[in-house]
> 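Below are the structure tokens for one structure; questions will follow.
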Amino acid sequence: VNRPWYRWFFNTYQALEAGRRYGSFYSTTTFVPAVINTAYAITFNNTYTRADGSDLVYGVYVDSTNTSRIYVDNTATYNFQFSAQLHNTAGGTKRVYIWPRINGVNVDDSATEVTLTGGSNDAIVAAWNFVLNLQAGDYFELIYSTSNINVSIPYVAASSPVPAIPSVILTVTSSVGV
């Protein structure tokens, strides 16, 4: 590739990459609802890191005081992907509802119900994604509610040979700016 083409490819790459935003977060908090049928925001207290030790974020960040809020610095379409480990702490059937909020407002037609059945210590992973349009300065929250207080979203410490299990993992990526 000659020099003018190299410059064109490099400048095109730089322009496209400048619009991309991302962040990868997780929680080491065990979430236990105090009251049934109540909306609770999931908080994130850790950021995954790159090989060099820096945070794996660019333009997407957790608010320093309200750690349930994931802010974006660019107007774009974002893909919020999460997984949450749900744990039935007592026998019987329980329902867990999970949905997104943007700027404190529930996203219409976005909730999903997960049913836990069986005995205590049953676990299931809720994992899906939301593709949402956000403006620069908007924030996203992941909300849950349960039909029974005998449900938790636990953090599980490492036990050889398995690494620790975060209670919730959230990965955020954007398309090139809208």
Side-chain angles (χ1 to χ4, degrees), residues 17 20-73 78-101 107 110-132 139-175:
E17 193 60 25
R20 297 194 192 283
R21 300 294 191 261
Y22 53 85
S24 189
F25 314 100
Y26 65 99
S27 183
T28 58
T29 300
T30 293
F31 300 95
V32 179
V35 180
I36 65 168
N37 302 322
T38 301
Y40 293 99
I42 292 173
T43 58
F44 297 91
N45 58 2
N46 287 282
T47 301
Y48 284 101
T49 56
R50 295 181 173 94
D52 68 3
S54 63
D55 287 345
L56 185 58
V57 297
Y58 180 69
V60 178
Y61 59 93
V62 176
D63 186 287
S64 60
T65 55
N66 189 340
T67 60
S68 68
R69 295 180 178 180
I70 310 297
Y71 280 89
V72 299
D73 74 350
Y78 289 86
N79 187 358
F80 294 87
Q81 305 167 9
F82 80 92
S83 65
Q85 179 156 306
L86 308 176
H87 186 232
N88 189 352
T89 61
T93 300
K94 287 123 181 112
R95 289 178 172 66
V96 179
Y97 304 89
I98 301 174
W99 68 93
R101 281 187 181 161
V107 174
S110 63
T112 299
E113 176 185 316
V114 177
T115 302
L116 294 164
T117 59
S120 64
N121 297 321
D122 281 354
I124 189 169
V125 174
W128 55 89
N129 64 303
F130 304 102
V131 176
L132 303 166
Y139 67 87
F140 167 92
E141 290 179 290
L142 188 60
I143 308 298
Y144 81 99
S145 179
T146 69
S147 66
N148 190 299
I149 61 170
N150 293 315
V151 172
S152 69
I153 306 174
Y155 168 77
V156 180
S159 177
S160 184
V162 179
I165 302 170
S167 53
V168 182
I169 298 171
L170 177 69
T171 303
V172 182
T173 56
S174 76
S175 62

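Computed over heavy atoms, backbone and side chain alike; hydrogens, waters and symmetry mates excluded.
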> Side chains of T65 and D63 only: does a donor on one sit below 3.5 Å from an acceptor on the other?
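Yes, a side-chain donor-acceptor pair sits under 3.5 Å.
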
> Considering non-hydrogen atoms only, spot the tightest contact between W99 and A111 and give its length.
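Looking at all heavy atoms of both residues, the shortest contact is CB-CA, 3.6 Å.
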
> Would you say H87 and N121 make side-chain contact, with heavy atoms under 4.5 Å?
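Yes, their side chains come closer than 4.5 Å.
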
> Do Y139 and S68 come within less than 4.5 Å of each other through their side chains, counting heavy atoms only?
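No, side chains not in contact.
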
> For residues V172 and Y61, determine if any side-chain heavy atom of one lies less than 4.5 Å from a side-chain heavy atom of the other.
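V172 vs Y61: side chains apart.
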
> Please evaluate residues D122 and L116 with respect to the criterion side chain to side chain contact (heavy atoms under 4.5 Å, CB included), reporting the C-alpha separation (whole Å), side-chain torsions for both, the decisive distance (0.1 Å), and the verdict.
CA-CA 7 Å; D122 281 354; L116 294 164; 5.6 Å; no

> How long is the span from the OG1 atom in T112 to the OH atom in Y97, to the nearest 0.5 Å?
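That separation rounds to 11.5 Å.
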
> Where do I42 and Y144 come nearest, in terms of heavy atoms and distance?
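Looking at all heavy atoms of both residues, the shortest contact is CG1-CD2, 3.7 Å.
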
> Look up atom OG in S24 and atom CD in Q81, then write down how far apart they are to the nearest 0.5 Å.
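Reported to 0.5 Å precision, the distance equals 9.5 Å.
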
> Under 3.5 Å, is there a donor-acceptor pair between the side chain of R50 and the main chain of D55?
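Present.
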
> Quick check: closest heavy atoms across R20 and Y58, and the distance to 0.1 Å?
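For R20 and Y58, the tightest heavy-atom pair comes out as O-CD2, 3.1 Å.
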
> Taking the side chain as C-beta and beyond, is there a heavy-atom pair between T30 and S167 under 4.5 Å?
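Not touching, per the 4.5 Å side-chain cut-off.
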
> Working note: F82 + L170, criterion side chain to side chain contact (heavy atoms under 4.5 Å, CB included); need CA distance, chi angles, decisive distance, verdict.
CA-CA 4 Å; F82 80 92; L170 177 69; 4.0 Å; yes

> Are W128 and I98 packed together at the side-chain level, in the sense that at least one heavy-atom pair is separated by less than 4.5 angstrom?
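When only atoms from C-beta onward are counted, I98 and W128 do touch, with a gap below 4.5 Å.
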
> Give a yes or no on whether the backbone of A34 and the side-chain of Y40 come within a donor-acceptor separation of less than 3.5 Å.
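Indeed, once roles are kept as given, a pair shorter than 3.5 Å links the two residues.
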
> Give, for atom OG1 of T29 and atom CD1 of I153, the distance between the pair rounded to the nearest 0.5 Å.
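Answer rounded to 0.5 Å: 10.5 Å.
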
> Taking all non-hydrogen atoms of both residues, which atom of V35 and which atom of T38 are closest, and how far apart?
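Of all heavy-atom pairs spanning V35 and T38, the closest is CG1-OG1, 3.3 Å.
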
> May I ask you to decide if T43's main-chain N or O and T67's side chain share a donor-acceptor pair within less than 3.5 Å?
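No: the side chain of T67 does not pair with the backbone of T43.
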
> Any idea which heavy atoms bring P166 and Y155 closest together, and the distance?
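Heavy atoms only, the tightest pair is CA-CD1, 3.9 Å.
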
> Side chains of K94 and N150: does their closest heavy-atom pair fall under 4.5 Å?
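Yes - at least one pair of side-chain heavy atoms lies under 4.5 Å apart.
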
> Is the backbone of F25 close enough, under 3.5 Å, to the side chain of T47 for a donor and an acceptor to pair up by distance?
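Judged by distance alone, no pair lies under 3.5 Å.
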
> Between F130 and F140, how do the two ring planes meet: parallel, tilted or perpendicular, split at 30° and 60°?
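Tilted.
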
> Would you please name every residue forming a side chain to side chain contact (heavy atoms under 4.5 Å, CB included) with S120, sequence neighbours left out?
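Side chain to side chain contact (heavy atoms under 4.5 Å, CB included) check on S120 returns nothing, list empty.
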
> Provide the closest heavy-atom pair for S174 versus R21 in the form atom of the first, atom of the second, distance.
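Where S174 meets R21 most closely, the heavy atoms are OG-N, 2.7 Å.
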
> Decide yes or no for F31 and V168: does some side-chain heavy atom of the first lie under 4.5 Å from some side-chain heavy atom of the second?
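Side-chain contact under 4.5 Å: yes.
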
> What do the steps show when you test R95 against V114 for side chain to side chain contact (heavy atoms under 4.5 Å, CB included), and what is the final call?
CA-CA 6 Å; R95 289 178 172 66; V114 177; over 6 Å; no

> Can you confirm whether P100 sits close enough to L132 that some side-chain heavy atom of one is under 4.5 Å from a side-chain heavy atom of the other?
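A side-chain contact under 4.5 Å exists here.
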
> Rounded to the nearest 0.5 Å, how far does CZ of F44 lie from CD1 of I169?
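Between atom CD1 of I169 and atom CZ of F44 there are 10.0 Å.
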
> Let me see the working for N45 and T28 under side chain to side chain donor-acceptor pair (under 3.5 Å), right down to the final yes or no.
CA-CA 7 Å; N45 58 2; T28 58; 2.9 Å; yes

> So L56 and T49, side chain to side chain contact (heavy atoms under 4.5 Å, CB included) or not? Walk me through it.
CA-CA 5 Å; L56 185 58; T49 56; 5.9 Å; no

